[in-house]
There are 2 protein chains.
Amino acid sequence: MTETVESPTRWLDAEQQRIWRTYLLGAARISEVLDADLRTHGLDLAEYEILVTLSEAEDRRLRMAELAEAVHQSRSRLTHTVTRMERRGLVERESCPDDRRGVWAHLTEAGMGLLRRSAPSHVESVRRVFVEAVGPEDFRAVGRAFERVLAAGRESAD
Amino acid sequence: MTETVESPTRWLDAEQQRIWRTYLLGAARISEVLDADLRTHGLDLAEYEILVTLSEAEDRRLRMAELAEAVHQSRSRLTHTVTRMERRGLVERESCPDDRRGVWAHLTEAGMGLLRRSAPSHVESVRRVFVEAVGPEDFRAVGRAFERVLAAGRESAD
DNA sequence: TCCAACTGATTGAAGTTTCAACAACACCAT
DNA sequence: ATGGTGTTGTTGAAACTTCAATCAGTTGGA
């Protein structure tokens, strides 16, 4: 018979807890600022990322599934979001010839134009609220830290 | 006549861009993991934070506005969230005697119980996906970094 | 006292995301 | 070729958040 012993919870110590909460608040603040900035162009961060990702893709188009992956949205959410963006003329759907299930999301000229107009102030906000607030040293450490978070995720998903 | 000279956009260099995107993806991954974990208890991160915040408050209760501030939610959102949590018996509203506009959100025994049950695996998730994935050195740097983000926000809000 | 301005919290509608179910298609072994 | 299995993307309803309007109560000045 197997005896089940409940392993005691390893709580976070005071410093870890403080850092964790600081992270939560800081991250919230960052997206607040960026959202406020993008809202002046009628965009939110998720939509902006879609525009950026498409603008860098070959022929400015990507399959829905690839796009969803790249911007970290569920497919369902992306379907709805793209539908709205399509209504505004920012992207358009094209069926792709080689896989008839597939759909391309294609960045329109209007979408590209909006991206170009909104990018400068967005980048400025990222700089102000994050890059320059933090300073080069710790900024690079943040890069390493989140790289590890992602790497740990990839490892455990094998 | 004032001549308006458009200052050229200072784009992010390649490394800054890479770090920024790594951060966005990593942050998304963190909340994904935490949400998945809390969902097994029927909670999301926002609700969990409400439970924690109330559990630490005097008499396990807080005015709606204070609570909203502490968990970084709009008042309206908090009203709706607390209404749902009240339906589930996790918190209850009490009118406070000294300011008759005011409402206390009070953590119930049931709410406290759910917090106690969900805390261990939540903490374990935070450890796994963040604290231990990152390592002590960079973890502290993250603490400094986001502390600066918050400090910069406070300064510009004066 | 009375009024104007402000604060605390809620409301309901509109907008967005999530969730489960589904339809169409591709892939593959038989 | 056929049927099972997995994939792609969509759909509609439910759940949640946002937004503007609103109500009730407080505060301070005339």
Side-chain angles (χ1 to χ4, degrees), chain A residues 28 31-50 53-54 57 61-88 90-106, chain B residues 27-28 31-51 53-54 57 61-88 90-106:
Chain A
S31 40
E32 238 167 55
V33 169
L34 298 185
D35 268 336
D37 178 85
L38 288 170
R39 193 159 47 244
T40 67
H41 298 277
L43 290 170
D44 62 21
L45 192 51
E47 293 167 325
Y48 181 84
E49 301 240 289
I50 289 174
T53 304
L54 287 180
R61 71 179 141 212
L62 238 33
R63 296 271 305 252
M64 293 295 281
E66 297 173 299
L67 182 53
E69 171 84 7
V71 300
H72 233 80
Q73 292 192 20
S74 72
R75 292 185 185 189
S76 176
R77 179 178 173 187
L78 185 67
T79 292
H80 289 300
T81 306
V82 165
T83 300
R84 287 190 297 269
M85 293 175 80
E86 196 171 21
R87 271 205 294 272
R88 295 166 60 191
L90 303 176
V91 298
E92 55 198 10
R93 279 184 239 247
E94 297 166 358
S95 51
C96 56
D98 49 315
D99 183 343
R100 288 195 301 166
R101 291 167 307 182
V103 172
W104 272 326
H106 181 212
Chain B
S31 39
E32 240 166 53
V33 169
L34 299 185
D35 269 335
D37 177 87
L38 287 170
R39 193 160 46 246
T40 67
H41 298 277
L43 290 171
D44 63 21
L45 193 51
E47 292 166 327
Y48 182 84
E49 300 242 290
I50 289 174
L51 295 181
T53 304
L54 287 179
R61 72 179 139 211
L62 236 36
R63 298 267 308 247
M64 293 296 280
E66 297 172 300
L67 182 53
E69 171 83 7
V71 300
H72 233 77
Q73 292 192 20
S74 72
R75 292 188 185 186
S76 176
R77 179 178 173 187
L78 185 66
T79 292
H80 290 298
T81 305
V82 165
T83 300
R84 287 190 297 270
M85 293 176 80
E86 195 170 22
R87 271 204 294 272
R88 296 167 59 192
L90 303 176
V91 298
E92 55 196 10
R93 278 183 239 246
E94 297 166 359
S95 51
C96 57
D98 49 315
D99 183 343
R100 288 194 301 167
R101 293 167 305 183
V103 172
W104 272 327
H106 180 212

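Per chain, numbering begins at 1; letters A, B, ... match sequence-line order.
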Side-chain contact, heavy-atom cut-off 4.5 Å: B/D35 with B/L43?
no
With a 4.0 Å heavy-atom cut-off, tell me which residues in residues 72-84 of chain A come close to DNA chain D, sorted by residue number.
A/R75, A/S76, A/T79, A/H80
Donor-acceptor contact below 3.5 Å, side chain B/E92 vs main chain B/E86:
no
Please compare A/W104 and B/A46 by the position of their nearest nucleotide in DNA chain D and report the one closer to 5'.
A/W104
Not counting sequence neighbours, which residues clear side-chain hydrogen bond (donor to acceptor under 3.5 Å, both in side chains) with A/E32? List them please.
B/H72
Ordered by number, residues from residues 34-44 of chain B within less than 4.0 Å of DNA chain C (heavy atoms) are B/R39
Please find the pair of heavy atoms, one from B/S95 and one from B/W104, that lie closest to each other, and give the distance.
O-CE3, 4.5 Å
Restricting to pairs with a member in residues 38-48 of chain B, which pass side-chain hydrogen bond (donor to acceptor under 3.5 Å, both in side chains), not counting sequence neighbours?
none
State the SG-NE2 distance between B/C96 and B/H106, to the nearest 0.5 angstrom.
13.5 Å
Atom pairs under 3.5 Å, N or O on each side, protein against nucleotides 25-28 of chain C: can you list them with distances?
residue: C/dC25; atom: O2; partner: A/R101; partner atom: NH1; Å: 3.4
residue: C/dA26; atom: OP1; partner: A/R100; partner atom: N; Å: 3.2

What is the 5' to 3' range of DNA chain D, first to last nucleotide, that sits under 4.0 Å from any heavy atom of chain B?
D/dC16 to D/dT26
Results of side-chain hydrogen bond (donor to acceptor under 3.5 Å, both in side chains) for B/S31 - residues two or more places apart only:
none
Can you list the residues that meet the side-chain hydrogen bond (donor to acceptor under 3.5 Å, both in side chains) rule with B/R88, with sequence neighbours excluded?
none
Without decimals, in angstroms, what is the distance between B/R93 CZ and C/dG8 P?
16 Å
Taking CD from B/E86 and P from C/dT11, how many angstroms apart are they, rounded to a whole number?
11 Å
Quiz: residues 74-82 of chain B side-chain donor-acceptor pairs under 3.5 angstrom, not counting sequence neighbours:
residue: B/S74; atom: OG; partner: B/R77; partner atom: N; Å: 3.0
residue: B/T79; atom: OG1; partner: B/R75; partner atom: O; Å: 3.1
residue: B/T81; atom: OG1; partner: B/R77; partner atom: O; Å: 2.9
residue: B/T81; atom: OG1; partner: B/R84; partner atom: NH2; Å: 3.4

Report, one line per pair, each donor and acceptor closer than 3.5 Å where one atom sits in a side chain of residues 61-70 of chain A; sequence neighbours left out.
residue: A/R61; atom: NH1; partner: A/E94; partner atom: OE1; Å: 2.6
residue: A/E66; atom: OE1; partner: A/R63; partner atom: N; Å: 3.0

